[in-house]
Amino acid sequence: IARYRMETKPVITCLKTLLIVYSFVFWITGAILLAVGVWGKLMLGPYISLIADNSTNAPYVLIGTGTVIIVFGLFGCFATCRGSPWMLKLYAMFLSLVFLAELVAGISGFVFRHEIKGTFHRTYTDAVLNYNAEDEASLAVDNLQRKLRCCGVYNYTSWFASVYYTTKGIPESCCFDSSDCRPEDLHNATVAPSKVYHQGCYELVTSFMETNMAIIAGVTFGIAFSQLIGMLLACCLSRIITANQYEMV
């Protein structure tokens, strides 16, 4: 029995090393999710309001998920160092839950991508029609048009139906040269086309989504299936430690 335990010690040491490395990578993933969630809340709040009908909790979900992963990543390292079978089983159970959650999120995002496009079209159209240059949605429209160098939903003519156009014309954020955009030019349907972008914002955003959706889905599934490695390592280590009654000295 003593000889058998000596033979299994290198196996246990190897599994522990692999699991600690995995847990560290898992911890980094949680830190990245937390950072993305905080960044999304601080920097993308206005843009998110254009994509969702109501205020979305996506940044908070990322912050919460990242925090939980960081905690359990540390727990995984602790459980591995202690060599506790029940802790390793709990860690494997958590990884299985993360795997299922990421799998469902990836499939849902890919399946409902057309619904997301429809929601963006509806909310962005409403933001253009009710634009006043002051509220959060209006400021988000201005930022989007400046950064993407686009104008309106499909093109600059989308602004002709807005309340803002009847009094002030097309917003200055549509101008490709703000120094050459006078208010009277933007209110003139004949002159304005020579001063503003002709590309619509909806087409730019949705084409970006279509182009990158497969990449996003692939990365999501890749991260999800990586949890299987951690589950396998944790279960194997727990089983070997239990079978050999191995204890840390």
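Position 1 is the first residue of the sequence; numbering continues from there.
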Side-chain heavy-atom pair [X], [Y] within 4.5 angstrom cut-off:
X	Y	result
Leu88	Ile241	yes
Ser23	Phe78	no
Leu186	Cys175	yes
Val68	Phe94	yes

Full working for side-chain contact (heavy atoms from CB on, under 4.5 Å) between Phe26 and Gln227: CA-CA 9 Å; Phe26 188 56; Gln227 313 305 326; 3.2 Å; yes
Return yes if some donor-acceptor pair links the side-chain N/O of [X] with the main-chain N/O of [Y] below 3.5 Å, else return no.
X	Y	answer
Ser238	Pro85	yes
His187	Thr166	yes
Thr29	Val25	yes

When rounded to the nearest 0.5 angstrom, what is the spacing between [atom1] in [X] and [atom2] in [Y]?
X	Y	atom1	atom2	value
Trp159	Leu129	CH2	CG	8.5 Å
Leu237	Thr17	CG	OG1	10.0 Å
Leu95	Leu232	CG	CG	11.0 Å
Leu204	Gln145	CG	CD	11.0 Å
Cys14	Leu233	SG	CG	9.0 Å
Tyr131	Asp142	OH	CG	3.0 Å

Angle between ring planes, Tyr156 versus Phe160, binned at 30° and 60°: parallel, tilted or perpendicular?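 If you compare the ring of Tyr156 with that of Phe160, the planes turn out perpendicular.
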Classify the ring geometry of Phe75 against Phe72: parallel below 30°, tilted from 30° to 60°, perpendicular beyond 60°.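 Ring orientation, 0 to 90° scale: perpendicular.
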What pair of heavy atoms forms the shortest contact from [X] to [Y], and how long is it?
X	Y	value
Gly200	Cys150	C-CB, 3.8 Å
Leu33	Gly66	CB-CA, 3.9 Å
Cys81	Lys16	O-NZ, 3.8 Å
Ala92	Ala234	CB-CB, 3.9 Å

Check whether the side chains of [X] and [Y] place a donor and an acceptor atom closer than 3.5 Å, and report yes or no.
X	Y	result
Tyr154	Gln199	no
Tyr22	Ser226	no
Asn155	Tyr197	no
Asp126	Thr123	no

Determine, using the 4.5 Å side-chain heavy-atom cutoff (strictly less than), whether [X] and [Y] are members of one ILVMFWY cluster.
X	Y	result
Ile32	Leu34	yes
Ile229	Phe225	yes
Trp27	Met231	yes
Leu97	Ile69	no
Leu228	Val98	yes

Could you give all pairs that pass the salt bridge (Lys or Arg N to Asp or Glu O under 4.0 Å) test and reach residues 149-169, with sequence neighbours left out? none
Decide side-chain contact (heavy atoms from CB on, under 4.5 Å) for Ile28 and Phe24; before the verdict, give the C-alpha distance in whole Å, the side-chain angles of both, and the deciding distance to 0.1 Å. CA-CA 6 Å; Ile28 291 176; Phe24 179 70; 3.4 Å; yes
Using a strict SG to SG cutoff of under 2.5 Å, would you count Cys151 and Cys201 as disulfide-linked?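 Cys151 does not pair with Cys201 as a disulfide (SG atoms not under 2.5 Å apart), so no.
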Decide yes or no on side-chain hydrogen bond (donor to acceptor under 3.5 Å, both in side chains) for Ser138 and Tyr164, but give the supporting numbers first. CA-CA 11 Å; Ser138 298; Tyr164 187 83; over 6 Å; no
Output all residues satisfying disulfide bond (SG atoms under 2.5 Å apart) with Cys77, sequence neighbours left out; order by chain, then residue number. none
Quick check: are there more than 12 heavy atoms from other residues, nucleotides or ligands sitting under 6.0 Å from CZ of Phe176?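 Result for CZ/Phe176: enclosed.
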side-chain contact (heavy atoms from CB on, under 4.5 Å) between Asp135 and Leu139, intermediate numbers included: CA-CA 6 Å; Asp135 61 19; Leu139 295 177; over 6 Å; no
